[in-house]
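Below: the structure, in structure tokens.
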Amino acid sequence: MTLRVAVIGANGRIGSEAVKAVEAAPDLELVAALGRDSELETLVSSGAQVAVELTHPDSVMRNLEYCTANGIHTVVGTTGWTPERLELLNGWLAAAPGTASGPVGCLIAPNFSIGAVLTMRFAQQAARYFESVEVVELHHRGKADAPSGTAGRTAQLIAAAREAAGLPVQTDPTTHGLPGARGADVDGVPVHSVRLRGLLAHQEVLFGDTGETLTIRHDSLHHSCFMPGILLGVRRVVEAPGLTFGLENFMDL
Ligand SMILES: NC(=O)C1=CN([C@@H]2O[C@H](COP(=O)(O)OP(=O)(O)OC[C@H]3O[C@@H](n4cnc5c(N)ncnc54)[C@H](OP(=O)(O)O)[C@@H]3O)[C@@H](O)[C@H]2O)C=CC1
Ligand SMILES: O=C(O)C1=N[C@H](C(=O)O)C[C@H](O)C1
């Protein structure tokens, strides 16, 4: 049986690629492709079972509230997540009507690229062995949020791994500096954001200790790299009630 899928943000950089990927998948049927001026009611009238949300931090909450209230599973790539937003979403999911296949599910993936998910996992593994760590993320100039969702998540995972290993929260040795020079502080991990024409999405995790450094780098060179992760999310979210945060939960890592 084919799954009926909608893409919200269908004219965007990643959304337009997602439309093509869903159309090309034999087990999926693209039933709606929504742009900024589309009516959300199209999602219900088209019979969408899963909506892929790839819009903007200013738009995502309204779209997710609508989908969840109407029993439509969601696969979300849009970034800009905060604890407050997640709490709101969890409330909507808890109150949502069931679907024909069970309770409604939502996957939020800070990054759909397999390499980026592995970067996060490798960084998590390395975290306890190094005294210091910083994250540098580099993106195209159309990006609205900073730091990137991936960098924020990477820093949180590193901080949690350090804490679990009994490492202290990093302190900043800077006594003289311009505001912003040391990046954003995510749970004690400095995160630096670069926005440059010509780039797509790149990240370096830099670890350092006495006499050695380790750099884990990932480069997304084309939006096609996000498609296997999106399709995996679409196929799996229908069997995953409630909120799943991170594509790694659907991978055998
Ligand atoms: N998780 C992941 O792996 C990835 C996540 N992303 C994230 O996806 C999001 C989109 O990125 P990107 O494609 O580069 O951005 P774009 O600006 O290229 O695309 C976003 C699209 O969404 C449209 N849009 C905005 N609001 C709505 C709405 N309410 N309903 C329908 N469409 C809407 C925009 O229309 P308009 O142009 O008129 O504003 C635009 O066409 C970002 O948050 C980005 O961080 C991106 C790549 C990978
Ligand atoms: O805006 C983008 O382009 C991307 N956004 C995601 C993020 O914020 O981490 C994923 C990837 O980096 C591309």
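All of these numbers come straight from a predicted model, not from anything done at the bench. Residue numbers start at 1 and run along the sequence shown. When a ligand or atom number is given, it counts from 1 through the structure's own listing order.
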Inset, instruction - Just let me know how Ala201 lines up against ligand 2, side chain, backbone, both or neither, with a heavy-atom cut-off below 4.0 Å. - result: side chain

Ligand 1 versus [X], non-hydrogen atoms closer than 4.0 Å: side chain, backbone, both, neither?
X      : result
Ala201 : neither
Lys143 : side chain
Phe226 : side chain

Inset, instruction - Check each of Gly233, Gly77, Ala10, Ala33 against atom 6 (N) of ligand 1 and report the one with the nearest heavy atom. - result: Gly77

Legend entry - Minimum non-hydrogen distance to atom 26 (N) of ligand 1, winning option of Ala18, Gly142, Ser59, Ser38: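 Checking each option, the heavy atom nearest atom 26 (N) of ligand 1 is found in Ser59.
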
Legend entry - Within-shell test, His140 vs ligand 2, heavy atom, strictly < 4.0 Å: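 Right, His140 reaches ligand 2.
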
Inset, instruction - Treating Ile, Leu, Val, Met, Phe, Trp and Tyr as nodes and any side-chain heavy-atom pair under 4.5 angstrom as an edge, say whether Ile8 and Val5 lie in one connected cluster. - result: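 Unlinked, Ile8 and Val5 end up in two clusters.
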
Legend entry - Short N or O distance, Gly15 and ligand 1, threshold 3.5 Å exclusive: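 Among all N and O atoms of Gly15, none is under 3.5 Å from an N or O of ligand 1.
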
Inset, instruction - Verify, without hydrogens or angle tests, whether His139 (side chain) and Leu200 (backbone) share a donor-acceptor contact under 3.5 angstrom. - result: no

Legend entry - Side-chain donor or acceptor of His176 paired with backbone N/O of Thr174 under 3.5 Å: no

[atom] - nearest protein heavy atom and its distance:
atom                    : answer
atom 33 (C) of ligand 1 : Thr55 CG2, 3.6 Å
atom 37 (O) of ligand 1 : Arg36 NE, 5.0 Å
atom 30 (N) of ligand 1 : Gly35 O, 3.6 Å
atom 5 (N) of ligand 2  : Lys143 NZ, 3.2 Å
atom 10 (C) of ligand 2 : Pro110 O, 3.4 Å
atom 9 (O) of ligand 2  : Thr150 OG1, 2.5 Å
atom 12 (O) of ligand 2 : His139 NE2, 2.6 Å
atom 16 (P) of ligand 1 : Arg13 NH2, 3.7 Å
atom 40 (C) of ligand 1 : Gly12 CA, 4.1 Å
atom 13 (O) of ligand 1 : Ile14 N, 3.0 Å

Inset, instruction - Please examine the side chains of Leu28 and Arg4, heavy atoms only from C-beta on, and report whether any two atoms are closer than 4.5 Å. - result: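 Not in contact.
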
Legend entry - Side chains of Val234 and Val22 in contact at under 4.5 Å (non-hydrogen atoms):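 With C-beta onward as the side chain, the pair stays apart.
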
Which ligand 1 atoms, with their elements, are less than 4.0 angstrom from a heavy-atom of [X]?
X      : answer
Gly9   : 22 (O), 31 (C), 32 (N)
Ile8   : 30 (N), 31 (C)
Asn111 : 1 (N), 2 (C), 3 (O)
Thr79  : 43 (O), 44 (C), 45 (O)

Just checking, any donor-acceptor pair under 3.5 angstrom between side chains of [X] and [Y]?
X      : Y      : answer
Ser132 : Glu134 : no
Glu53  : Asn63  : yes
Glu137 : Ser193 : yes

Would you mind running through ligand 2 and noting each atom that sits below 4.0 Å from a heavy atom of [X]?
X      : value
Asn111 : 10 (C), 11 (C), 12 (O)
Gly149 : 7 (C), 8 (O), 9 (O)
Thr79  : 6 (C), 7 (C), 8 (O)

Legend entry - side-chain hydrogen bond (donor to acceptor under 3.5 Å, both in side chains) between Asp145 and Thr79, intermediate numbers included: CA-CA 7 Å; Asp145 55 313; Thr79 42; 2.8 Å; yes

Legend entry - SB check Lys20 Glu17 (cutoff 4.0 Å): yes

Legend entry - Pair Glu204 + Arg217: basic N to acidic O under 4.0 Å: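 Result for this pair is yes, salt bridge flagged.
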
Inset, instruction - Kindly state whether the ring of Phe226 and the ring of Phe112 have centres lying under 6.0 angstrom apart. - result: no

Legend entry - Residue pair Gly246 / Pro110: nearest heavy atoms and the distance that separates them: CA-CD, 4.1 Å

Inset, instruction - Give me the one residue out of Asp219, Thr119, Thr154, Thr150 that meets side chain to side chain donor-acceptor pair (under 3.5 Å) with Gln203. - result: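 Considering Asp219, Thr119, Thr154, Thr150, a side chain to side chain donor-acceptor pair (under 3.5 Å) with Gln203 is found only for Thr154.
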
Inset, instruction - Might you check, step by step, whether the distance between atom 2 (C) of ligand 1 and some protein heavy atom is under 4.0 Å? - result: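 Yes, there is one.
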
